[in-house]
Amino acid sequence: MQSKLGRRSVMAATAAALATAPIIGAEAQARRRIRFSAVFSDQDIRADAMRGFQQDLAAQFDVELHLNATLFRQGTELVAIQRGNIEMANLAPQDLSRQIPAWSVMASAYLFRDADHMRKVFNGEIGAEFNRMAREQLNVHVLGPLYFGTRHVNLRPRKRINTPADMAGLKLRMPPGETWQFLGEALGANPTPVAFAELYTALQSGTVDGQDNPLPASRTMRFFEVTTQFVLTSHLVAYDLLSVSSRFWDGLPPAQQQAIQAAANKAIDQSTQRHVAQEQELVAFFRAQGLEVYEPDVAAFRAEAQRRYLASPQSQGWPPGILDRIAAVR
């Protein structure tokens, strides 16, 4: 009797194991890899946010974080997504505008009032329109805008800057790309393309006279060591787009899509809160390091930048009335 029961128990256990094997195999097969590429360093606030993203998804995905342009150099991440070389990246809106001219408005100077205004625009009807363009024309699914501060001018020479005319002749490092270079011109400077990873050396050697970045990035990258002043032009509310390949996204079940979106929303919120808090503290920090920090005639910078944008071929590709629509968002 005992042997019969033993055989029955073994047979039952075997049957149960065979029944669950396909389920275990299916779960293992469903686990996907997400390769993420960004140019910011591993000391950046955004790196902390993405480590949280990685942790939040650890039960379902193998998220690989490739930071500091170690996988793809600045400006090449979009093409890498389109070719299927990576699943996810931190994309600059300026890079999207290379393939979709209408997107250049979203990277223009003095467009957003602050981080909250930018977030409201992207969470509303306008953001949905531009994200749809990215999906339909670039095969990129935008998860949301990752704020990393408001950009200001940071210079080596001690020349006092009050209006765009005072920027004449200054070699201002701007990231590579036509949209970025035009932004430098709109500030009155002589824009010079230099990759982010090479910027400290370019400032140190005098290859460029200055750079424009948000205060938190300038502290993380220690640009204050090789410059003398920050001119608080507030010319661009800086953000990148947390984005995934549409092909990758469409291949996921709804539950996993929701998990990724929730983790992205959390990372975006945490990064925004920390950047806003740091921006308020860093003026005192840079002054303590011996740098001048002051506000120029921002109205003059805004007027000149807007004049240049509206007179340029760039604005011809913008959706009609888009500036007024964005300004009206409250």
CD of E178: more than 12 outside heavy atoms within 6.0 angstrom? no
For the residue pair Y309 and F182, does the interplanar ring angle fall in the parallel (under 30°), tilted (30 to 60°) or perpendicular (over 60°) class? perpendicular
N-O pairing of E125 and R325 below 4.0 Å: yes
Are there over 12 heavy-atom neighbours, none belonging to Q55, within less than 6.0 Å of that residue's CD? no
Among Y239, Y147, F130, which residue satisfies the ring pair (Phe, Tyr, Trp, His ring centres under 6.0 Å) criterion with F122? Y239
Salt-bridge contact K159-D209 (side-chain N to carboxylate O under 4.0 Å): no
Using the ring centroid of each side chain, check whether F53 and F36 are separated by less than 6.0 Å. no
With no hydrogens and no angle check, do the side chains of D269 and Q273 hold a donor and an acceptor under 3.5 Å apart? no
Does R160 qualify as a cation-pi partner of Y294, given the criterion of NZ or CZ under 6.0 Å from the six-membered ring centre and within 45 degrees of its axis? yes
When you look at CZ of R73, are more than 12 heavy atoms from neighbouring residues, nucleotides or ligands closer to it than 6.0 Å? no
Look at R307 together with E304 and state whether they make a salt bridge at an N to O cut-off of under 4.0 Å. yes
What distance separates F285 CZ from R219 CZ, expressed to the nearest 0.5 Å? 4.0 Å
